[in-house]
There are 2 protein chains.
Amino acid sequence: MRKTKRITIKDVAELAGVSKATASLVLNGRSKELRVAEETRDRVLAIAKQHHYQPSIHARSLRDNRSHTIGLVVPEITNYGFADFSHELETLCREAGVQLLISCTDENPGQETVVVNNMVSRQVDGLIVASSMLNDTDYQKLSEQLPIVLFDRHMNDSSLPQVITDSITPTRELVADIARQHPDEIYFLGGQPRLSPTRDRLEGFKQGLAQAGVTLRPEWIIHGNYHPSSGYEMFAALCAQLGRPPKAVFTAACGLLEGVLRYMGQHNLLQSDMRLASFDDHYLYDSLAISIDTIRQDNRQLAWHCFDLIGKLIEGETPDPLQRKLDATLQRRYKTAG
Amino acid sequence: MRKTKRITIKDVAELAGVSKATASLVLNGRSKELRVAEETRDRVLAIAKQHHYQPSIHARSLRDNRSHTIGLVVPEITNYGFADFSHELETLCREAGVQLLISCTDENPGQETVVVNNMVSRQVDGLIVASSMLNDTDYQKLSEQLPIVLFDRHMNDSSLPQVITDSITPTRELVADIARQHPDEIYFLGGQPRLSPTRDRLEGFKQGLAQAGVTLRPEWIIHGNYHPSSGYEMFAALCAQLGRPPKAVFTAACGLLEGVLRYMGQHNLLQSDMRLASFDDHYLYDSLAISIDTIRQDNRQLAWHCFDLIGKLIEGETPDPLQRKLDATLQRRYKTAG
DNA sequence: GTGAAAGCGCTAACAC
DNA sequence: GTGTTAGCGCTTTCAC
């Protein structure tokens with residue numbers, strides 16, 4: 001293992017019979033502008049190629065005080081939406097010669113602090129975060145040290161750069177549609193009430209009811225958290241309380257939906273005529289027994305904007321606008337009888 | 001942005017009125033063994049804490065010629081199995097103070113070369129790869145430079161360190177069961193015939209037929225590739241050829257199954273009595289209209305062994321055994337009538 | 001046109 | 001007990 005020792009610029013220089021400085025110029029393609037003799041240049045390049053010279057990224061990072069690395073912090077990489085987003089972002093990074101570091105928080109604010117500190121100590125040039133925190137004070141402070149972009153979730157009136165999907169509009173439209181079919185019973189299952197996705201989607205839910213002329217009943221709104229099991233429990237409790245499955249349910253995120261589906265699978269409810277809708281899409285929903293309407297985020301756009309923001313911030317530019325809101329798409333699967 | 005300039009060990013030393021060397025000793029917790037005065041030590045530590053001193057990882061990496069970073073290369077992070085594996089591996093790495101770099105190849109050998117080179121140039125200490133290559137010559141060569149562990153897929157007689165799930169045994173058992181129910185028609189949809197998962201799972205398929213006393217018909221075996229669309233196309237062609245859906249199908253990986261399900265969804269076949277089975281599990285399969293038997297890999301074990309191997313290799317140890325084969329679990333969902 | 005030297009932040013040998 | 005120094009690999013003035 002590790003037989004071949006690294007070849008350094010000093011080695012290349014010596015082999016080519018020039019100084020480190022000259023070799024450096026040539027290898028950085030600045031030989032033209034700084035008038036290095038063509039013959040010298042070719043010699044250096046030949047040696048470098050022949051010995052597979054690769055610059056030490058550590059030496060460079062140390063010198064430049066730049067790691068060409070950015071961090072991505074997400075709640076769960078096993079969540080299809082975040083995986084898709086990560087993939088898109090990784091592609092953008094690779095094309096730009098930037099290395100992406102990915103860490104998961106498991107929806108746990110304590111762990112979020114750990115992984116973020118970890119990335120800071122790794123001297124990432126910037127940080128892109130889908131935070132599980134309730135407020136942005138930590139990030140506000142951190143953003144004095146390095147560029148931060150929040151996405152997917154946003155905090156109360158945060159002024160930090162951020163990219164989110166507009167949840168309210170599509171939720172309103174979808175919920176209004178469902179409410180017209182089931183004006184007497186439509187439940188909202190959400191995560192922590194203080195997290196922005198919950199608040200926004202609940203707002204959309206309320207607007208949807210209003211739009212359909214349906215009066216909200218307080219018991220329709222149920223809060224839990226975004227842990228996988230929470231959707232299951234909320235739905236189980238609801239079924240127990242009603243003595244039957246509800247007529248219509250909107251879940252605020254795919255994790256919650258997952259729990260609901262698990263319960264339904266275990267209790268043979270998948271063939272029922274319950275109307276189910278959710279934020280977040282998944283390709284397997286096309287193959288489920290039950291037709292679920294969903295709201296699909298555009299992860300490619302999301303990733304692009306995050307990358308654009310963080311890149312500009314790192315370069316010291318001031319991107320405009322600093323906060324971006326993207327459109328989602330309704331994915332309708334439910335077919336109204338007749 | 002970036003108001004606060006980094007504080008270095010030199011700053012700490014000066015503020016504490018000691019030399020860099022002393023400060024370094026103290027900060028690395030080696031003050032006891034090298035008899036630094038307690039008073040000095042406390043002073044240094046106080047200053048460091050007060051100014052939030054954080055060592056420069058780049059300087060350290062440069063000096064130690066170690067990045068405390070390992071690379072993970074997977075075909076698709078959006079594939080649930082790989083996402084789950086990545087998550088497990090990331091947790092292990094974090095606990096060990098190692099940073100994990102993740103890159104995707106999109107099942108494309110050319111891109112695999114790119115991302116691997118990328119990681120090498122990032123000077124990762126080791127590399128864990130689920131390769132889409134047909135042979136291991138590239139990795140054989142690369143392993144002279146740095147430790148490599150292959151997982152999930154293995155190449156022909158490769159002697160490189162690797163961790164794989166035993167596909168043959170569970171596939172045989174599952175297929176034998178299906179073959180007893182449908183001795184006259186059971187199809188195998190696989191990826192590239194030369195990739196190890198395809199070969200192993202096909203071998204298990206054949207053994208399963210033999211075990212059930214069923215004679216294999218050559219037309220039952222269909223090869224495509226592991227791209228999402230391939231399963232769809234193979235299955236569509238099969239349905240077209242038969243003029244009806246097949247009675248029983250085994251797909252060699254979840255990507256292929258995804259394609260089959262998409263076709264079935266579009267053609268209202270999800271309620272049919274076709275028997276479907278596959279390698280790789282997904283939590284949503286519990287909620288599908290059709291009951292799919294699957295073979296579930298143990299990603300936590302898989303990640304643990306990869307981490308164990310790469311860690312030991314990096315430390316210069318020779319792990320034993322160098323190649324590991326783990327057991328999978330049958331996830332039965334199909335209920336035989338009666 | 002090219003080379004010598006300094007410095008990025010850190011640690012380890014070796015003085016004192 | 002503590003300080004001095006050299007060196008990890010690279011780039012960038014500034015001389016020559």
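Only heavy atoms go into these numbers, but all of them, side chains included; no hydrogens, no water, no symmetry mates. Since the model is a prediction, treat every value here as computed from it, not as a measurement. Residue numbers start from 1 in every chain, and the chains themselves are labelled A, B, ... in the order their sequence lines are given, proteins ahead of strands.
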In whole angstroms, the gap separating C1' of D/dG7 from CG of B/Asp64 amounts to 13 Å
B/His51 NE2 to C/dG9 P, in whole Å, measures 16 Å
Q.
I want to check a possible cation-pi pair here: A/Arg6 against A/Tyr53, using under 6.0 Å from ring centre and within 45° of the ring axis as the test.
A. no
Any side-chain N or O of A/Thr40 less than 4.0 Å from the OP1 or OP2 oxygen of C/dT2? yes
>> Under a 3.5 Å threshold, yes or no: a donor from one side chain and an acceptor from the other, between A/Ser67 and A/Asp125?
In response: yes
For residues A/Thr165 and A/Gln297, is any side-chain donor paired with an opposing acceptor at under 3.5 Å? yes
### Query
Is the distance from OP1 or OP2 of C/dT2 to the nearest side-chain N or O of A/Thr22 less than 4.0 Å?
no
B/Leu62 atom CG is separated from C/dG9 atom P, nearest whole Å, by 12 Å
When rounded to whole Å, the CG to C1' distance for the pair A/Leu25 and D/dT12 reads 9 Å
Would you indicate, yes or no, if C/dT11 has its OP1 or OP2 atom less than 4.0 angstrom from a side-chain nitrogen or oxygen of B/Arg60?
yes
**Prompt:** If we ignore angles and hydrogens, is there a donor and acceptor under 3.5 Å between the side chains of B/Thr78 and A/His87?
**Reply:** no
Do the side-chain N and O atoms of B/Thr22 and B/Arg41 include a donor-acceptor pair separated by under 3.5 angstrom?
no
Of the candidates D/dT2, C/dT2, C/dA13, the side chain of B/Val36 sits closest to D/dT2
Using a heavy-atom cut-off of under 4.0 Å over every strand shown, decide if A/Asn28 touches base, sugar-phosphate, or nothing.
-> sugar-phosphate
To the nearest angstrom, the CD-C1' distance between A/Glu38 and C/dT2 comes to 16 Å
In terms of heavy-atom contacts, A/Pro75 and A/Cys104 come closest through O-CB, 3.8 Å
Atom CZ of B/Arg41 and atom P of D/dT2 are separated, to the nearest Å, by 11 Å
By nearest-nucleotide position on DNA chain D, the 5'-leaning member of B/Arg43 and B/Arg63 is B/Arg43
(request) Select base, sugar-phosphate, or nothing to describe what A/Ala37 touches, counting heavy atoms under 4.0 Å on all strands. (result) sugar-phosphate
Rounded to whole Å, CD of A/Gln54 lies from C1' of D/dC8 at a distance of 18 Å
Under a 4.0 Å heavy-atom cutoff, the residues of residues 8-20 of chain A touching DNA chain D are A/Thr8, A/Ile9, A/Lys20
Rounded to whole Å, CZ of A/Arg30 lies from C1' of C/dG1 at a distance of 15 Å
Phosphate contact (C/dC8 OP1 or OP2) by B/Ser56 side-chain N/O below 4.0 Å = no
Taken in chain and number order and not counting sequence neighbours, the residues that satisfy side chain to side chain contact (heavy atoms under 4.5 Å, CB included) with B/Asp308 are B/Trp304, B/Lys312, B/Arg324
